[in-house]
Amino acid sequence: MRRKDAANIVPTNTPIEDVSQLTLRAEDEEDPTTAELRIPKVGPGFVFVYSFAYFGYFLCLFMPALFSLPYKIQLVDPASKETVLGLVVGISAIVLLPAGPVLGVLSDRSKFAWGRRRPFLILGFSVFAISAFLIAIAPNVPLILVGYVIAQLAASLVGVAMNPTLAEHVPPAQRGKLGALSGVMASIAGVSATLVGSLLLNNVVLLFLAPVAVFGLGVLLWVLVIPDSPAPERFQSVKVGSSLRSLLFNPLKHPDFSLVWVGKLCIGVGTAFFSTYQLYFLLDRLGFTAEQAGQQLAVAGGLALLATIGFTILGGFLSDKLRRRKPFIYIAAGMIAAGMAIAAIAPDFGIYIIGGVLISAGSGAFNSVDLALASDVLPDPAAGGKWMSIYQVSGTLATAIGPVIAPLLLAIGGGSGNYTALFIAGGVFALGAAVTAARVRGVR
């Protein structure tokens, strides 16, 4: 029997680790697109661990982004909080911008016997813990900046470990559903971040470390359940230096991937205007205290969560069923733009909730196909670490661009509180994703 025929025959009692080895060997010899069609379906245990670990990961990202970091900066420098927040978030993202792709290449070529992704995951969790503690005890802005730069490094380490999983271990027919679940976990983490954050204001150290503890449990389950193995020989034989140079790919050779990358950037910049500054919006325009703002954001988030989950799950299911991804990008961009316009003119919390729910629903529609769409257009699915890291750079770049531009928009007309201009600009950016999606040719 020929080896490539044998790869099709997987005994029912074969451990999932052995199945991944078969897949990797197939990738060594065949077109990666053909090999990925042989990936076996994943079971409930895989789905649960994948979802819970992403919840912990997003909690580590969103607790600072949505609540704890703005709150900490307000404690340290209340007079210049808008500008300082933009600088801290923007500088840390710019400094760590190359980290994801470089770490992705290193992860692709990792030769550890216990897996090429797991070491990066465990290291990322450890760095998250260090950064959280450092920010919590920081007495000034420079130390907060150092801590948040370390947090971005942690996010990159975890990202190169977890993000390739969809392309490497999940068959195309299940990617929309699992990608949707990760979107649901992001939404739940966002609501949890504001609610839990408002309850932990009296203990700043716990405010920053609680998300890390949750993620720690997810990391443990991931290491025990999600398959991993050393890099295939075809990756190990390539020098790291030449691999790093390959990160500078020609967008003209991979137009679909490039367009999807730009679309994610547009959505990311638009929503960053809203998510980064929503706490200050409630404090400055609507007059809430920090504790009241956290509780109100949790209320708004609970309503938004229903819309997000509905659009994420429905979008993921329908995108797999219909074999279409682009219509969900159109819907997402339209809803986010509409929500931004409503939030821009919101005179009270009720109108703000309507805008926030629309933005969250649009984000859910986008999340339902985000990772699946990226996985569908990867130039080389076997090199998931490299290409998914390049893809995630768009999100990182968005978090750098958004907060840096935001203070300029807030200052239009004098002062530092022109949230109308900020949110309208966010809606315009979000619509850019619809334009790029329309030009993608390889995916419907």
Side-chain angles (χ1 to χ4, degrees), residues 4-5 7-10 14 16-51 54 104 108 117 162-185 226-229 232 254-261 263-264 312-329 332 364-392 437 440-444:
K4 74 174 187 175
D5 293 332
N8 281 320
I9 302 175
V10 180
T14 301
I16 192 166
E17 288 84 355
D18 294 338
V19 172
S20 75
Q21 290 290 344
L22 285 173
T23 303
L24 291 172
R25 285 196 295 270
E27 290 168 351
D28 286 344
E29 299 180 352
E30 303 178 43
D31 180 352
T33 303
T34 302
E36 76 167 345
L37 297 177
R38 302 180 180 209
I39 301 174
K41 287 188 176 181
V42 297
F46 184 107
V47 173
F48 171 79
V49 172
Y50 179 89
S51 302
Y54 262 102
D108 281 340
R117 311 297 186 195
M162 294 176 62
N163 291 331
T165 302
L166 207 62
E168 292 176 347
H169 299 295
V170 179
Q174 289 184 298
R175 287 177 185 166
K177 299 180 184 67
L178 263 74
L181 279 176
S182 68
V184 170
M185 293 303 105
I226 304 299
D228 200 2
S229 58
H254 310 292
D256 283 354
F257 178 79
S258 302
L259 287 166
V260 171
W261 190 97
K264 182 178 178 66
T312 303
I313 294 178
L314 182 62
F317 174 80
L318 289 177
S319 70
D320 281 345
K321 188 76 172 178
L322 301 175
R323 300 291 183 183
R324 291 180 178 271
R325 314 289 192 201
K326 291 163 63 173
F328 299 92
I329 302 296
F366 179 76
N367 290 339
S368 72
V369 295
D370 176 29
L371 291 179
L373 179 59
S375 298
D376 288 345
V377 298
L378 289 185
D380 181 3
K386 167 190 168 180
W387 289 105
M388 289 304 288
S389 295
I390 292 174
Y391 179 64
Q392 292 301 328
V440 172
R441 296 290 178 259
V443 177
R444 294 189 298 168

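Sequential numbering from 1 along the given sequence is applied to the chain's residues.
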Between A365 and A332, what is the shortest heavy-atom contact and its length?
-> CB-CB, 3.9 Å

Heavy atoms of Y391 and W261 approach each other most closely as CA-CD1, 3.6 Å

What's the separation between atom [atom1] in [X] and atom [atom2] in [Y], rounded to the nearest 0.5 Å?
{"X": "I329", "Y": "K264", "atom1": "CD1", "atom2": "NZ", "answer": "9.5 Å"}
{"X": "R117", "Y": "T165", "atom1": "CZ", "atom2": "OG1", "answer": "7.5 Å"}
{"X": "Q174", "Y": "L181", "atom1": "CD", "atom2": "CG", "answer": "10.5 Å"}

Between F257 and I390, is a side-chain contact (heavy atoms from CB on, under 4.5 Å) present by the stated rule, with each step listed?
-> CA-CA 10 Å; F257 178 79; I390 292 174; 3.8 Å; yes

Can you check whether [X] reaches [Y] side chain to side chain, under 4.5 Å on heavy atoms?
{"X": "R175", "Y": "D376", "value": "yes"}
{"X": "V170", "Y": "Y50", "value": "no"}
{"X": "L178", "Y": "Y54", "value": "no"}

